[in-house]
Amino acid sequence: MEAARNNPYLAHMHNGGNAATGGQGGPNEAFNALVPLSTTSAQQEAVENDACNGLTGRPFTQKYKDILAKRRDLPVNKQRQKFLDLIHKNQFVVLVGETGSGKTTQIPQYMVFDMLPQVDGKMIACTQPRRVAATSVAQRVADELDVKLGQQVGYSIRFEDCTSSNTVLKYCTDGMLLREAMSDNLLSRYSAVILDEAHERTLNTDILMSLMKNIASQRSDIKIIVMSATLDSEKFQKYFNDAPLLTVPGRTFPVEIYYTPEPERDYLEAAIKTALQIHAAEPEGDILLFLTGEEEIEEACRLLHARGDDLIRRANCGPLLIVPLYSTLPPNMQQKIFEKAPEPRSKGGAPGRKIVVSTNVAETSLTIDGIVYVIDPGFAKQKVYNPRVRVESLLVSPISRAAAQQRAGRAGRTRPGKCFRLYTEKSFNNDLIEQTYPEILRSNLGSIVLQLKKLGINDLVHLDLMDPCAPEVLMRALELLHYLGALDDDANLTDIGHLISEFPIDPQLAKMIISAPNYGCTNEVLSIAAMLSVPNVFLRPREAQRAADMAKAEFAHMDGDHMSLLNVYHAYKGCSEPSQWCWDNFLQLRSLKAADNIREQLRRVAAKSNIPLLSNDFNSADYYPKIRKAMTAGYFMQVAHLERNGQYLTVKDNQIVLLHPSSVLERKPEWVVYNEFVLTKRHYIRTVTEVKPEWLLDIAPHYYDLSGFPPCEGKRILEKIALKNALAQEEQETRKRKKETSEKKDKKDKKDRSDKDKKDKKDKKEKRDKRK
DNA sequence: GAGCACTGC
């Protein structure tokens with residue numbers, strides 16, 4: 001109680017924040033005795049053991065007490081005092097804890113009791129890379145603290161803010177906190193920020209880490225905790241000014257690792273063999289097989305079905321449930337991974353088994369219970385960025401040792417498991433890289449650079465990132481933003497740049513939206529932007545490709561794919577039963593719903609930025625051309641020209657590209673804008689719409705300064721038009737000059753005339769006067 | 001005439 005007397009906030013606490021409600025509750029004495037940034041583990045436990053909730057004044061429920069017992073048992077609780085000591089003495093703490101340590105749920109609560117956010121009005125934030133994690137952990141912690149979700153504990157993710165003025169602990173996606181920082185550069189609403197899953201090194205986490213380091217140097221009152229699951233803690237410690245490290249053991253079961261003695265030539269074949277061998281020889285327990293993509297997974301499932309049936313017949317094995325899993329799979333199909341393994345065919349017969357064949361989605365995003373065996377061929381599709389051609393693409397490549405470890409861990413969540421790696425141990429040690437390259441080294445940074453500018457970080461070259469990005473990638477981003485008019489010649493944010501940065505989408509898309517009012521078509525452009533921001537809406541199941549193509553043709557627009565997307569969106573908004581309608585038309589309902597959500601968000605941003613929401617008369621001949629002009633204002637850097645040999649060449653880069661076969665365009669328009677450059681066996685441009693070369697010169701004259709263009713037909717055509725424009729302009733000017741000269745002459749004549757008139761009048765008057 | 005790992009504002 002000594003501390004309580006010294007607590008300057010105590011009076012406030014007793015009077016306000018902690019009033020008992022309903023008569024049955026009461027103050028939590030231990031809670032009221034807490035002093036910010038000096039609590040002990042014992043004090044905190046006393047607060048939790050009290051009869052009443054310090055945060056609400058209400059008596060604790062039985063449910064609370066049941067959960068509390070389990071929380072006390074978590075590995076992280078044994079280190080509570082150590083953690084508090086570290087955070088009292090340091091601004092940064094790095095915490096490493098494996099699965100099951102309890103760090104994500106407990107550490108933020110320790111911080112709540114230690115910083116007493118209800119006293120100074122500043123919140124504790126805990127960031128997650130994914131939305132589901134933010135919402136589900138917030139719910140769990142609300143239960144643990146015996147409060148209603150959205151009150152003292154809440155979450156904030158895109159499209160959903162579940163917080164209130166009472167919120168002291170907020171779980172949010174890292175992207176959300178970054179957005180907040182764009183309008184509050186010092187994150188002044190927070191007294192502590194906990195960055196969770198930092199080892200994943202997502203783009204947003206990396207930026208956020210840099211930002212927090214920057215903020216910490218300006219705010220000595222803020223505490224920052226970086227939590228990670230890997231043992232690569234030294235890098236984090238070093239980055240955060242030699243921060244102290246706390247290691248918390250996890251709670252998982254051992255996983256035995258097996259390697260192949262020789263390298264496998266065909267990993268798909270090897271994977272299927274291994275799965276069936278496990279089924280034939282290993283005890284009960286489900287299998288998780290990692291493959292790289294949809295097509296491979298469907299193929300593997302077909303083979304497993306065929307050979308599995310054969311095996312079951314011959315070897316009297318139990319029945320198999322084979323389930324594919326990838327993110328674009330419809331939700332009802334995804335649910336299948338939670339089904340139980342099938343029962344034995346006869347009582348006492350061999351047990352059934354579930355085989356989940358999955359992409360990386362099962363590595364971090366989805367947890368499947370009951371997995372005992374993991375098969376890891378060692379490959380995944382990974383994003384790579386080529387700044388030279390400004391293209392992001394997906395490439396099947398070997399995973400890292402950290403990812404392999406993560407995959408193996410999936411076998412030991414419920415009991416001891418086994419992991420079969422389809423590569424040699426030597427290969428694991430010598431060929432695999434230690435960590436997957438962080439996303440920031442594999443991405444186009446256009447949007448990120450704009451965000452950084454908005455965050456008040458101007459010196460990008462000396463930006464303090466954990467892994468600095470390649471200068472060429474930065475250059476490309478700056479170049480793009482400069483051409484869009486978002487940055488001036490000194491790389492400072494312009495008014496346009498401020499506007500663009502308000503939109504949570506690609507800068508080109510945002511530019512298209514803010515240009516739309518010039519063409520009176522904001523509403524339509526918002527719809528197109530939303531449709532371009534979601535995964536492909538068109539489904540094309542292998543068994544119904546023709547029917548799907550026919551359904552798609554119904555939406556085709558002769559101007560191109562963007563207008564077809566607009567047709568789809570309008571039709572979707574007009575249909576009465578979206579679910580049935582989507583099924584009938586081979587459309588992805590999930591994507592359309594997402595598009596609708598995004599459109600609403602974009603509309604709100606536009607309205608807030610005073611961008612008028614306009615539409616042209618649908619029957620006007622200009623309706624579509626005006627939309628295409630607005631698109632050109634955003635995408636003038638992604639234009640291709642059809643050369644006379646029938647090949648498209650991208651403008652300025654002179655890359656040979658093909659219209660993607662998914663395009664609705666049946667003819668080949670001479671000039672097109674494209675949304676995406678797809679790099680597979682060939683170079684494709686996907687989602688394509690016809691434009692006019694005159695527009696390019698009108699709308700983006702700074703980009704279409706032809707002197708810097710490599711020679712090609714497109715350039716010659718543009719030059720001709722430019723010449724014509726120049727001549728026309730000259731002619732116009734000449735005419736204007738002539739008109740001016742003649743006007744001047746007229747004016748002079750008029751003046752002369754009027755002078756003469758005056759003189760005549762005067763003379764006449766004089767004459768009259770004389771006569772008098 | 002062909003793909004679409006996964007997130008996120």
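- The distance between atom CG of D161(A) and atom P of dC9(B), rounded to the nearest whole Å, is 12 Å.
- Here E197(A) pairs with nothing under the salt bridge (Lys or Arg N to Asp or Glu O under 4.0 Å) rule; sequence neighbours left out.
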Could you give the side-chain donor-acceptor pairs of residues 330-338 of chain A under 3.5 Å, partners two or more places apart or in another chain?
{"from": "Q334(A)", "atom 1": "NE2", "to": "Y326(A)", "atom 2": "O", "distance (Å)": "3.1"}
{"from": "Q334(A)", "atom 1": "NE2", "to": "S327(A)", "atom 2": "O", "distance (Å)": "3.2"}
{"from": "Q334(A)", "atom 1": "NE2", "to": "L329(A)", "atom 2": "O", "distance (Å)": "3.4"}

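- When ring centroids are compared, H641(A) and Y648(A) stay outside the 6.0 Å threshold.
- Heavy atoms of L658(A) sit nowhere under 4.0 angstrom from any nucleic acid atom.
- Going from atom CE of M209(A) over to atom P of dG8(B) covers 18 Å, rounded to whole Å.
- The side chain to side chain donor-acceptor pair (under 3.5 Å) test applied to S136(A) returns no partner, not counting sequence neighbours.
- Computed from coordinates, the M182(A) CE to dG8(B) C1' distance equals 14 Å when rounded to whole Å.
- When rounded to the nearest whole Å, the span between CD of E392(A) and P of dG8(B) equals 17 Å.
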Letter per nucleotide, 5' to 3', of nucleotides 1-6 of chain B [B base touched, S only sugar-phosphate touched, - untouched; heavy atoms, 4.0 Å]: BBBBBS

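- Between T202(A) and the phosphate of dG8(B), there is no side-chain N or O to OP1/OP2 separation shorter than 4.0 Å.
- We find that CG of L455(A) is positioned 16 Å from P of dC9(B), with the value rounded to whole Å.
- Among residue pairs with one or both ends in residues 199-212 of chain A, those qualifying as salt bridge (charged side-chain N to carboxylate O under 4.0 Å, His left out) are R130(A)-E200(A), R201(A)-D206(A), R201(A)-D467(A); sequence neighbours excluded.
- The separation between R604(A) atom CZ and dC9(B) atom C1' is 12 Å, rounded to whole Å.
- We find that CG of D206(A) is positioned 14 Å from C1' of dG8(B), with the value rounded to whole Å.
- Screening residues 585-595 of chain A for salt bridge (charged side-chain N to carboxylate O under 4.0 Å, His left out), with sequence neighbours left out, gives no hits.
- When rounded to the nearest whole Å, the span between CZ of R599(A) and C1' of dC9(B) equals 19 Å.
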